[in-house]
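A short write-up of the structure that comes next.
Start at 1 with the first residue, then count along the sequence.
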Amino acid sequence: WERLMLQARFEPPALRPLRDIDPGNLPSIPHEGFHPDVCPGRQAGGRREAIDALETFLGERGERYHREMSSPLTAGISCSRISTHLACGTLSMREAVQATRRRRSQVSQLTPEIRGSWPRALSAFDGRLHWHCHFMQKLESEPRIEFENMHRAINGLREQETDMHRLESWMRGETGWPFVDACMRALQQTGWLNFRMRAMLMSVASYQLWLHWRLPSLHLARLFTDYEPGIHFPQVQMQSGTTGINSLRIYNPIKQSMEQDPDGDFIRLWLPELAGVGKAWIHTPWLMPMTEQERSGVRIGSSYPVPLVDHEAAARRARARILQARRAGEARDESRKIFERHGSRRRRPRRHHGEPLRLSRAGRAPLRSRTPGRLAGRRAGPRGRRDRPSDGPSELPAFPARRAPCERMPGRPAPAASAHRFRRRPNSAAPPAAARWTGGFRAVRQPRFCGGGRHSGPIVPHRLRSPA
């Protein structure tokens, strides 16, 4: 992929002028001969728009890409918006990669005060360009996943239980969850939505509403201006839990609403019926008392629907059913085959002393080591549970504000030992467990190997990234 992307680009062929042919007058839009566009906010196409989108992103808009691409409030500006041009051919992947590499080289020459957060933003964007082609290769290598479950153990779980009323409500943006409905209506009007919100729409349809992924995926494909089958269907299957090698991504529509649209501005923009609802109730309007509904000018169940299901209970049922199907012996063998064919080749799981490739308990992705920077604040203790201290922070040893490295420095005394149990390696001293307070829980760092070598922490399931 790298060799192909770094090759010289072909010059566009010069078009010969037409001779003895009168092209006539091209009709403008809107025109009486054309049907009205049902998506008035659709992104404009063309080569000039493609170049402008790429240049403004790399030079102006993209500095906060890695921080603002998740919220629909900021993603429209901070994201590159070149996906439509890549899908339609007005911009090539090689062109985008080479322009990004040139910009990264320029930024590296700047002083820290001037370059700001550009290095992280461009690095994140470069990674998404890799994943763009990675996901397209999935469909190229196995075209059946456009029509069938990638993991055959999931066959029959949803196909016969699709509720058409739930499907139609989801398609219209009338599920009763304001943030979900706002995202669907924004997509209908603009033809674009940032990746996290696309994933949430598909997750809600697949888990909370228990719809087979095929019908929702076709509806979204008709709405996306940047529809690319090679990215769309592998992503749909990933967000629906049918790949067998990825963790179940079950989005909480209320949590996403409070995190990505805390003041409710995005909801009020696309749901005018909730324009009068205050911040305290905008994420859960069905909980408003009648007096508050009258004051806000909305009647839940009439002007805006109640939620179709209890999202928490529905998510628990969906998770239990899919994990049960994955745990069967044949399902684990199928997961292994899928990973060998479609798994990421970039970061292989670390193996020690010739140990075989291991899958997680649910038969998903192979387990890999966690890097030191991701240890603090993670779950620890027996079976991954957080340990709650009984008498307050006085039981815990002093812990510096910054994370100390695992290796014990020569001449430095060992820190006070914690009462928490940690793993031991034969013929070596037991490493200390460093603990700190995180929101009322005690997060304990548990290094597996210490003493001068490279750190290798607790193993966690491998997680794939999303495409650009």
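Atoms CD1 and CG, on I282 and L274 in that order, are 5.0 Å from each other to the nearest 0.5 Å. Taken to the nearest 0.5 Å, the OG atom of S83 stands 10.5 Å off from the CD atom of E228. Between the CH2 atom in W213 and the CG atom in L220 there is a gap of 12.5 Å [rounded to 0.5 Å]. Here the straight-line distance linking atom CE of M150 with atom CD1 of I245 works out to 6.5 Å at 0.5 Å rounding. Note that CZ of R128 is 13.5 Å distant from OG1 of T100, once rounded to the nearest 0.5 Å. The distance from atom CG of L86 to atom CG of L129, rounded to the nearest 0.5 Å, is 7.5 Å.
Closest approach of G45 to H85, counting heavy atoms only: CA-CE1, 4.2 Å. Residues G116 and P119 approach most closely at O-CD, 3.6 Å, considering heavy atoms. Nearest heavy-atom pair across M171 and Q188 is O-NE2, 2.7 Å. Minimum interatomic distance between A325 and L157 (heavy atoms only, all atoms of both residues): CB-CD1, 4.1 Å. The shortest heavy-atom contact between E49 and A44 is CB-O, 4.0 Å. Summarising the geometry of D263 relative to R268, their closest heavy-atom pair is O-NH1, 2.6 Å, with the distance given to 0.1 Å.
Judged purely by atom type and a 3.5 angstrom limit, R61 has no side-chain atom pairing as donor or acceptor with the backbone of G76. Using a distance-only test at 3.5 Å, with no hydrogens or angles considered, a donor-acceptor pair links the side chain of S303 to the main chain of R299. In this structure, D261 contributes its side chain and D265 its backbone to a donor-acceptor pair below 3.5 Å. Judged by distance alone, the side chain of S71 and the main-chain N or O of E68 form no donor-acceptor pair under 3.5 Å. Judged by distance alone, the side chain of S78 and the main-chain N or O of G62 form no donor-acceptor pair under 3.5 Å. Proximity of a side-chain donor or acceptor of R185 to a complementary backbone N or O of L271 within less than 3.5 Å is not detected. Here the side chain of Q43 pairs a donor or acceptor atom with the backbone of R81 at under 3.5 angstrom. Between the side chain of N194 and the backbone N or O of A75, no donor-acceptor pair lies under 3.5 Å. A donor-acceptor pair under 3.5 Å is absent between the side-chain atoms of Q208 and the main chain of E312, judged by distance alone. Within the 3.5 Å criterion, the main-chain N or O of P40 finds no donor-acceptor partner in the side chain of D37.
For the pair Y304 and E174, the minimum side-chain heavy-atom distance is 4.5 Å or more. Taking 4.5 Å as the limit, some side-chain heavy atom of F195 sits within range of a side-chain heavy atom of Q235. Side-chain contact between L209 and L167 is absent, with no heavy atoms from C-beta onward closer than 4.5 Å. Residues W177 and V204 are in side-chain contact: their nearest non-hydrogen atoms beyond the backbone lie under 4.5 Å apart. For the pair E146/P229, no side-chain contact is recorded, criterion being any heavy-atom separation below 4.5 Å from C-beta on. The shortest side-chain heavy-atom distance between I145 and P234 falls under the 4.5 Å cut-off. Side-chain contact between F135 and M238 is present, with heavy atoms from C-beta onward closer than 4.5 Å. The side-chain heavy atoms of L54 and L58, taken from C-beta on, include a pair separated by under 4.5 Å.
The number of heavy-atom neighbours closer than 6.0 Å to CZ of R48, taken from other residues, nucleotides and ligands shown, is 12 or below. The number of heavy atoms from other shown groups lying within 6.0 Å of CZ (R120) does not exceed 12. More than 12 heavy atoms of other residues, nucleotides or ligands sit less than 6.0 Å from atom CD of E159. For L269, the CG atom is densely surrounded, since the number of other residues' heavy atoms within 6.0 Å is greater than 12. Atom CZ of R47 sits in a crowded spot, with more than 12 heavy atoms from other residues, nucleotides or ligands closer than 6.0 Å. Taking a 6.0 Å sphere around CE of M5, one finds it holds more than 12 heavy atoms contributed by other residues, nucleotides or ligands.
For W170 and H219, the ring centers sit closer than 6.0 Å to each other. Between F233 and F147, the distance separating the two ring centers is not shorter than 6.0 angstrom. Taking the six-membered ring wherever Trp is involved, the centroid distance between the rings of F224 and H232 falls below 6.0 Å.
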Full working for side-chain contact (heavy atoms from CB on, under 4.5 Å) between M288 and S296 | CA-CA 10 Å; M288 283 193 299; S296 302; 4.2 Å; yes

Any chance you could lay out the side-chain hydrogen bond (donor to acceptor under 3.5 Å, both in side chains) test for H283 and S257, step after step, and finish with the verdict?
-> CA-CA 6 Å; H283 306 291; S257 178; 2.5 Å; yes

Report the C-alpha distance between F266 and Q260 in whole Å, list the side-chain angles of each, state the deciding distance to 0.1 Å, and finish with yes or no for side-chain contact (heavy atoms from CB on, under 4.5 Å).
-> CA-CA 9 Å; F266 182 78; Q260 308 301 338; over 6 Å; no

List the steps, then state whether side-chain hydrogen bond (donor to acceptor under 3.5 Å, both in side chains) holds for E142 with H342.
-> CA-CA 9 Å; E142 194 169 5; H342 296 292; 2.5 Å; yes

Worked check of side-chain contact (heavy atoms from CB on, under 4.5 Å) between V180 and M184 | CA-CA 6 Å; V180 174; M184 180 61 76; 5.8 Å; no

Step-by-step side-chain contact (heavy atoms from CB on, under 4.5 Å) determination, L193 to L223 = CA-CA 10 Å; L193 199 63; L223 296 179; over 6 Å; no

Does the pair Q237 and T242 meet the rule for a side-chain hydrogen bond (donor to acceptor under 3.5 Å, both in side chains), with working shown?
-> CA-CA 5 Å; Q237 297 232 22; T242 58; 2.7 Å; yes

Pair T225-R42, side-chain hydrogen bond (donor to acceptor under 3.5 Å, both in side chains): steps then yes or no | CA-CA 7 Å; T225 307; R42 192 186 310 276; 3.3 Å; yes

Dump the intermediate steps for salt bridge (Lys or Arg N to Asp or Glu O under 4.0 Å) on E292 and R295, then the final yes or no.
-> CA-CA 5 Å; E292 187 66 25; R295 189 193 68 80; 2.7 Å; yes

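By the 6.0 Å and 45° rule, R166 does not stack over the aromatic ring of W210. Annotation: cation-pi geometry satisfied between R158 and Y207 (NZ/CZ under 6.0 angstrom from ring centroid, within 45° of ring axis).
The pair E259-K255 meets the salt-bridge criterion, since a charged nitrogen lies less than 4.0 angstrom from a carboxylate oxygen.
Between Y65 and F125, the two ring planes are perpendicular [angle over 60°; tilted spans 30° to 60°].
Checked by atom type, the side-chain pair H151/S335 shows a donor-acceptor distance below 3.5 Å. At a cut-off of 3.5 Å, with distance as the only test, no side-chain donor of S123 or D126 sits close to an acceptor on the other residue.
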